[in-house]
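These numbers were taken from a predicted model, which means no experiment stands behind them.
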Amino acid sequence: MKAVLPKAAMPLVLASYASAALLHVDRAPIWCSAAAAIAIAWRLAHQQGRVALPGSFTRISLALMLTASILLTFRTLGGLSAGTALLMAMGAVKLLEMRERRDAVVIVLVAFVLLLAACLDRGSLVRVPLYLLTGWIGCAALTTLGSRETPPLRNAFAESGRALLW
């Protein structure tokens with residue numbers, strides 16, 4: 001039996017990925033940030049019933065094109081910069097195939113790894129509030145995805161905030 005993705009959790013899942021991707025917008029290639037923004041916009045339009053999600057062939061082609069672009073830009077798939085760009089790109093593709101609860105959890109985990117990459121890349125104390133906010137949004141998304149009944153947004157943030165304070 002498949003775990004259905006609750007529609008009420010979608011804003012938090014998208015906010016988690018978007019906030020993590022925004023941490024890299026000044027260092028990632030512009031096409032990588034654009035791919036993330038387009039995927040988020042496409043997913044929002046799909047949630048509103050305005051567009052369909054792309055088929056398997058389109059998603060695979062997009063993943064291959066993004067991977068080739070990363071190879072052309074960085075000459076490798078390894079390293080912090082190339083790996084972060086690859087994760088942003090593959091997170092964008094995953095947004096376009098998200099149908100179940102576990103897919104949404106993968107997106108939130110991608111956001112957490114992007115957060116970790118931002119911390120490794122720039123550990124400035126000035127950026128700590130951004131890192132904390134991104135982590136809090138991700139925890140609220142996981143709280144929403146992990147509960148049987150989708151809690152209100154306020155409750156999800158309160159519960160995840162208490163957990164983070166512990």
Side-chain angles (χ1 to χ4, degrees), residues 5 9-47 53-146 160-161 163-166:
L5 177 62
M10 188 56 62
L12 279 175
V13 172
L14 292 175
S16 176
Y17 175 75
S19 64
L22 279 173
L23 293 173
H24 299 280
V25 75
D26 60 332
R27 300 249 176 134
I30 192 152
W31 55 263
C32 192
S33 298
I38 290 168
I40 292 167
W42 195 327
R43 191 66 204 203
L44 284 170
H46 172 72
Q47 288 302 117
L53 292 176
S56 295
F57 178 77
T58 305
R59 287 191 318 267
I60 291 169
S61 299
L62 182 61
L64 291 174
M65 286 185 343
L66 289 171
T67 303
S69 298
I70 290 166
L71 277 171
L72 288 172
T73 302
F74 295 100
R75 307 278 188 254
T76 183
L77 294 177
L80 185 59
S81 297
T84 300
L86 182 64
L87 190 60
M88 277 179 70
M90 293 305 111
V93 174
K94 186 68 176 169
L95 277 176
L96 298 177
E97 72 169 0
M98 183 172 37
R99 288 182 175 79
E100 298 178 26
R101 191 179 296 253
R102 72 156 188 234
D103 296 329
V105 170
V106 168
I107 292 294
V108 175
L109 295 179
V110 164
F112 278 126
V113 176
L114 286 172
L115 171 60
L116 177 62
C119 292
L120 290 172
D121 191 26
R122 289 168 285 186
S124 169
L125 287 176
V126 175
R127 295 179 63 91
V128 168
L130 293 173
Y131 299 155
L132 289 173
L133 180 62
T134 301
W136 191 15
I137 293 169
C139 287
L142 286 179
T143 300
T144 303
L145 290 168
S160 62
L164 285 173
L165 286 175
W166 273 103

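- Note that CD1 of I60 is 9.0 Å distant from CD of E97, once rounded to the nearest 0.5 Å.
- Heavy-atom minimum distance, C119 versus Y131: SG-CD1, 3.6 Å.
- Shortest non-hydrogen contact noted between M10 and L5 is CE-CD2, 3.2 Å.
- Expressed to the nearest 0.5 Å, how far CG of L14 lies from CD1 of I107 amounts to 8.5 Å.
- In this structure the side chain of L77 reaches within 4.5 angstrom of the side chain of T67, judged on heavy atoms.
- Note: S69 OG to L64 CG = 10.5 Å, rounded to the nearest 0.5 Å.
- No more than 12 heavy atoms of other residues, nucleotides or ligands shown are found within 6.0 angstrom of CH2 on W136.
- For the pair L132/V128, a side-chain contact is recorded, criterion being any heavy-atom separation below 4.5 Å from C-beta on.
- Counting only heavy atoms from C-beta outward, the side chains of V13 and R43 never approach each other to under 4.5 Å.
- Enclosure of atom CD1 in I30 is not indicated, since only 12 or fewer non-hydrogen atoms of other residues, nucleotides or ligands lie within 6.0 angstrom.
- Separating the CZ atom in R127 from the CG atom in D121 is a distance of 8.0 Å, to the nearest 0.5 Å.
- Between M90 and L66 the shortest side-chain heavy-atom distance falls below 4.5 Å.
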Next item on the list: Give the C-alpha distance, both sets of side-chain angles, the deciding distance and a yes or no for side-chain contact (heavy atoms from CB on, under 4.5 Å) between L23 and L130.
Entry: CA-CA 8 Å; L23 293 173; L130 293 173; 3.9 Å; yes
Side chains of residues 137-146: which donor-acceptor partners sit under 3.5 Å, not counting sequence neighbours?
| residue | atom | partner | partner atom | Å |
| --- | --- | --- | --- | --- |
| T143 | OG1 | C139 | O | 2.8 |
| T144 | OG1 | A140 | O | 3.0 |

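- Rounded to the nearest 0.5 angstrom, R59 CZ and L96 CG are separated by 8.0 Å.
- Of all heavy-atom pairs spanning A111 and A20, the tightest one is O-CB, 3.4 Å.
- For the atom pair L116 CG and L80 CG, the distance stands at 9.0 Å (nearest 0.5 Å).
- Side-chain N or O atoms of Y17 include one that pairs as donor or acceptor with a backbone N or O of A92 at under 3.5 Å.
- Between M88 and V110, the closest side-chain pair of non-hydrogen atoms is not below 4.5 Å.
- Closest approach of I70 to A89, counting heavy atoms only: CD1-CB, 4.1 Å.
- Contact of the T73 side chain with the W31 side chain is registered, since non-hydrogen atoms from C-beta on lie closer than 4.5 Å.
- The shortest side-chain heavy-atom distance between T84 and R27 does not fall under the 4.5 Å cut-off.
- You'll find the side chain of R122 reaches within 4.5 Å of the side chain of D26, heavy atoms only.
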